[in-house]
Amino acid sequence: MKLLKTSRKYHKWLMLFLGIQFVIWSVSGAYMVILDIDYIHGDSLVKNHQTKVNTENINYSLKELLQSYPEAKAIELGLFTDSEVYRFKQGDKRYLVAADTGKQLSPLTESMAISAAKHAYTGKGQVTDVTLISSNPPVELSRRVLPAWRVDFADLGSPSIYISAQTGKVVTKRHSFWRIFDWMFSFHVMDYQEEDPANKLLFWFTLFALVAAIFGAILTYYRIFRASEKPQQNLGEVT
């Protein structure tokens with residue numbers, strides 16, 4: 001009976017302490033499991049263009065490019081809104097140059113960023129806001145891709161397409177469901193800044209939860225299995 005009393009006492013206080021976090025784990029875990037992860041990543045927001053490079057449109061040769069940018073590295077030929085372009089790195093900067101005229105397109109202007117975002121976007125919503133982010137990016141955007149244009153659309157989930165101001169590529173795509181997911185994940189792992197699951201707060205809460213579960217199992221044993229044995233014992237004494 002001493003084990004029963006001890007289990008009841010500590011199970012009650014531990015669950016009183018852990019109860020709110022249990023609810024948070026349940027709600028946040030359900031949200032992250034129910035919603036498709038590919039949708040959360042925003043894969044459905046952008047088109048997978050299969051347009052190929054047309055060499056007939058390349059009037060600006062690689063030799064001319066190297067003459068104008070002698071320290072160019074990691075040169076690649078690609079497309080920017082269906083137009084042939086060179087992308088390369090020189091020093092700490094990345095460049096975007098038209099392959100037909102040799103005109104430098106980077107850094108992108110606001111109208112070019114809108115054009116690139118519309119070209120990539122799968123929805124039909126209108127552009128509601130355009131912002132150039134050069135420093136202090138939001139949580140949803142990596143500092144490594146700065147500077148970048150954020151183009152917001154009036155559609156379900158308030159989607160945002162981020163376009164690199166240097167390369168013209170889509171660097172990320174976000175919507176409200178991703179933002180909620182990120183918020184849920186931070187509460188689920190109990191790390192509200194770095195969102196690192198390997199943190200001490202989560203470890204101790206998990207440990208206390210395990211202890212509470214063990215005390216709960218002991219209570220279950222006494223209330224179900226031991227309780228069912230008592231009537232049989234009393235019946236044997238009467239006979």
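Not measured: the values here are computed from a predicted model.
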Q: Which atom names give the shortest non-hydrogen contact between K173 and G42, and what distance separates them?
A: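 The answer is CG-O, 3.2 Å.
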Q: Can you find a heavy atom in the side chain of V145 that is under 4.5 Å from one in the side chain of T172?
A: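 Of all side-chain heavy-atom pairs linking T172 with V145, none is under 4.5 Å.
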Q: Could you pull out the closest heavy-atom pair between T109 and W149, with the gap in Å?
A: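 That closest heavy-atom pairing would be C-CZ2, 3.8 Å.
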Q: Just verifying a value: how many Å separate I180 CD1 and Y31 OH, rounded to the nearest 0.5 Å?
A: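 Going from CD1 on I180 over to OH on Y31, the span is 4.0 Å.
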Q: Hey, quick one: are L45 and V130 part of the same hydrophobic cluster, counting side-chain heavy atoms closer than 4.5 Å, chains of contacts allowed?
A: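 Yes, it is one cluster - the side chains of L45 and V130 are joined through contacts under 4.5 Å.
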Q: Test side chain to side chain contact (heavy atoms under 4.5 Å, CB included) on W178 and L35 and set out the steps.
A: CA-CA 10 Å; W178 182 95; L35 293 185; over 6 Å; no
Q: If you count heavy atoms of other groups shown closer than 6.0 angstrom to CZ of R94, is the number above 12?
A: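 Result for CZ/R94: open.
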Q: Apply side chain to side chain contact (heavy atoms under 4.5 Å, CB included) to residues E140 and D182 and explain how you reach the verdict.
A: CA-CA 9 Å; E140 62 194 51; D182 184 65; over 6 Å; no
Q: So do Y60 and V97 actually touch side chain to side chain, heavy atoms under 4.5 Å?
A: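 Side-chain contact under 4.5 Å: yes.
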Q: Run the ring pair (Phe, Tyr, Trp, His ring centres under 6.0 Å) check on Y39 and H175 step by step: do they pass?
A: CA-CA 10 Å; Y39 177 74; H175 47 56; 4.9 Å; yes
Q: Below 4.5 Å, heavy atoms only, C-beta onward: do L141 and V171 meet side chain to side chain?
A: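 SC-SC contact between L141 and V171 confirmed.
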Q: If two hydrophobic side chains count as joined below 4.5 Å and joins carry through other members, does L108 share a cluster with L79?
A: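 In one cluster with L108: L79, no.
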Q: Test of understanding: clusters of I, L, V, M, F, W, Y form through side-chain heavy atoms closer than 4.5 Å, transitively. Do L65 and V53 belong to the same one?
A: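 Looking at the clustering, V53 is in the same group as L65.
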Q: Under a 4.5 Å cut-off applied to non-hydrogen side-chain atoms, are I40 and F177 in contact?
A: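 Yes, at least one pair of side-chain atoms sits under 4.5 Å.
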Q: Are more than 12 heavy atoms, taken from residues, nucleotides or ligands other than K103, located less than 6.0 Å from that residue's NZ atom?
A: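 No, not enclosed.
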Q: Hey, what's the ring geometry for F181 with F185, parallel, tilted or perpendicular (30° and 60° as the breaks)?
A: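 Judged by the thresholds at 30° and 60°, the geometry between F181 and F185 is parallel.
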Q: Examine distances only and state if a side-chain atom of S186 and a backbone atom of D191 form a donor-acceptor pair shorter than 3.5 Å.
A: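 Flag not set: sc S186 to bb D191 has no pair under 3.5 Å.
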Q: Counting distance only, does the side-chain N/O of T220 pair as donor-acceptor with the main-chain N or O of G216 below 3.5 Å?
A: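 Side chain of T220 to backbone of G216: a pair is present.
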Q: Could you check if a side-chain atom of L96 sits within less than 4.5 angstrom of a side-chain atom of T167, using non-hydrogen atoms only?
A: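 No; the side chains remain at least 4.5 Å from each other.
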Q: Where do S158 and S176 come nearest, in terms of heavy atoms and distance?
A: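 That closest heavy-atom pairing would be CB-OG, 3.8 Å.
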Q: Treating W25 as the side-chain partner and H188 as the backbone partner, does any N or O pair qualify as donor plus acceptor under 3.5 Å?
A: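 Such a contact is found between W25 side chain and H188 backbone.
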Q: Under the 3.5 angstrom rule, does the side chain of E84 hit a backbone N or O of N54 as a donor-acceptor pair?
A: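 Between the backbone of N54 and the side chain of E84 there is a qualifying donor-acceptor contact (under 3.5 Å).
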Q: Under 4.5 Å between side-chain heavy atoms, hopping through other hydrophobics if needed: is there a path connecting V189 to I37?
A: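 Yes; I37 is reachable from V189 via cluster members.
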Q: Can any side-chain N or O of T122 pair as donor or acceptor with the backbone N or O of S44 at less than 3.5 Å?
A: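 Answer holds: yes.
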Q: Counting N and O atoms only, with roles assigned by atom type, does the side chain of D129 sit under 3.5 Å from a partner on the main chain of D152, one being a donor and the other an acceptor?
A: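 Judged by distance alone, no pair lies under 3.5 Å.
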Q: Which heavy atom of A72 sits nearest a heavy atom of L66, and at what distance?
A: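 Heavy atoms of A72 and L66 come nearest at CB-CD2, 4.3 Å.
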Q: Under 30°, 30 to 60°, or over 60°: which ring-plane class applies to H49 and H119, parallel, tilted or perpendicular?
A: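 Parallel: the ring planes of H49 and H119 meet at under 30°.
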Q: Tell me whether F187 shares a hydrophobic cluster with I34, the cluster being built from Ile, Leu, Val, Met, Phe, Trp, Tyr side chains joined at under 4.5 Å.
A: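 No, because F187 and I34 fall into different hydrophobic clusters, even though each may have its own neighbours under 4.5 Å.
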Q: Can you tell if the side chain of F22 reaches within under 4.5 Å of the side chain of F205, non-hydrogen atoms only?
A: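 No, side chains not in contact.
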Q: Atom CZ of R174 and atom OG of S160: how far apart are they, to the nearest 0.5 Å?
A: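 Those atoms lie 10.0 Å apart.
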Q: Can a donor-acceptor pair be found between the side chains of S164 and R87 at a distance below 3.5 Å?
A: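 No, no side-chain donor-acceptor pair sits under 3.5 Å.
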Q: Within a strict 4.5 Å, meaning less than it, do heavy atoms of the V170 and I163 side chains meet?
A: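 Yes, at least one pair of side-chain atoms sits under 4.5 Å.
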Q: Ignoring hydrogens, what is the shortest heavy-atom contact between K169 and E76? Give both atom names and the distance.
A: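 Smallest interatomic distance, heavy atoms only, reads NZ-OE2, 3.1 Å.
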Q: Please report the closest heavy-atom contact between P147 and L132, naming both atoms and the distance.
A: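 P147 and L132 have their closest heavy atoms at CB-CD1, 4.4 Å.
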Q: Could you check F17 against W13 for ring pair (Phe, Tyr, Trp, His ring centres under 6.0 Å), going step by step and ending with a plain yes or no?
A: CA-CA 6 Å; F17 175 67; W13 287 109; over 10 Å; no
Q: Distance from E110 atom CD to T131 atom OG1, nearest 0.5 Å?
A: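 Reported value, rounded in 0.5 Å steps: 8.5 Å.
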Q: Given 3.5 Å as the limit, does a donor-acceptor pair link the side chain of Y121 with the main chain of P159, or not?
A: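 No.
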Q: Would you say that more than 12 heavy atoms from the other residues, nucleotides or ligands in this model lie under 6.0 Å from the CD of E56, or not?
A: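 Open: at most 12 neighbouring heavy atoms sit under 6.0 Å from CD of E56.
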Q: Checking side-chain hydrogen bond (donor to acceptor under 3.5 Å, both in side chains) between Y69 and each of Q90, Q104, K89, E64, which is the one that passes?
A: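 Exactly one option meets the side-chain hydrogen bond (donor to acceptor under 3.5 Å, both in side chains) with Y69, and it is Q104.
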Q: State, with a plain yes or no, whether a side-chain heavy atom of M184 is found less than 4.5 Å away from one of I24.
A: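 Sidechains of I24 and M184: no contact.
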Q: Please confirm whether the backbone N or O of N199 pairs with a side-chain atom of D196, one donor and one acceptor, at under 3.5 Å?
A: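 Side chain of D196 to backbone of N199, a donor-acceptor pair under 3.5 Å: no, none is there.
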Q: For the CZ atom of F203 and the OG1 atom of T206, what is their distance to the nearest 0.5 Å?
A: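 Result: 8.5 Å between the selected atoms.
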Q: Between atom CG of L210 and atom CD1 of I214, what is the distance when rounded to the nearest 0.5 Å?
A: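 It comes to 4.5 Å.
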Q: Would Y95 and S68 count as having a side-chain donor-acceptor pair, cut-off 3.5 Å?
A: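 There is no such pair (donor and acceptor under 3.5 Å, judged by atom type) between the side chains of Y95 and S68.
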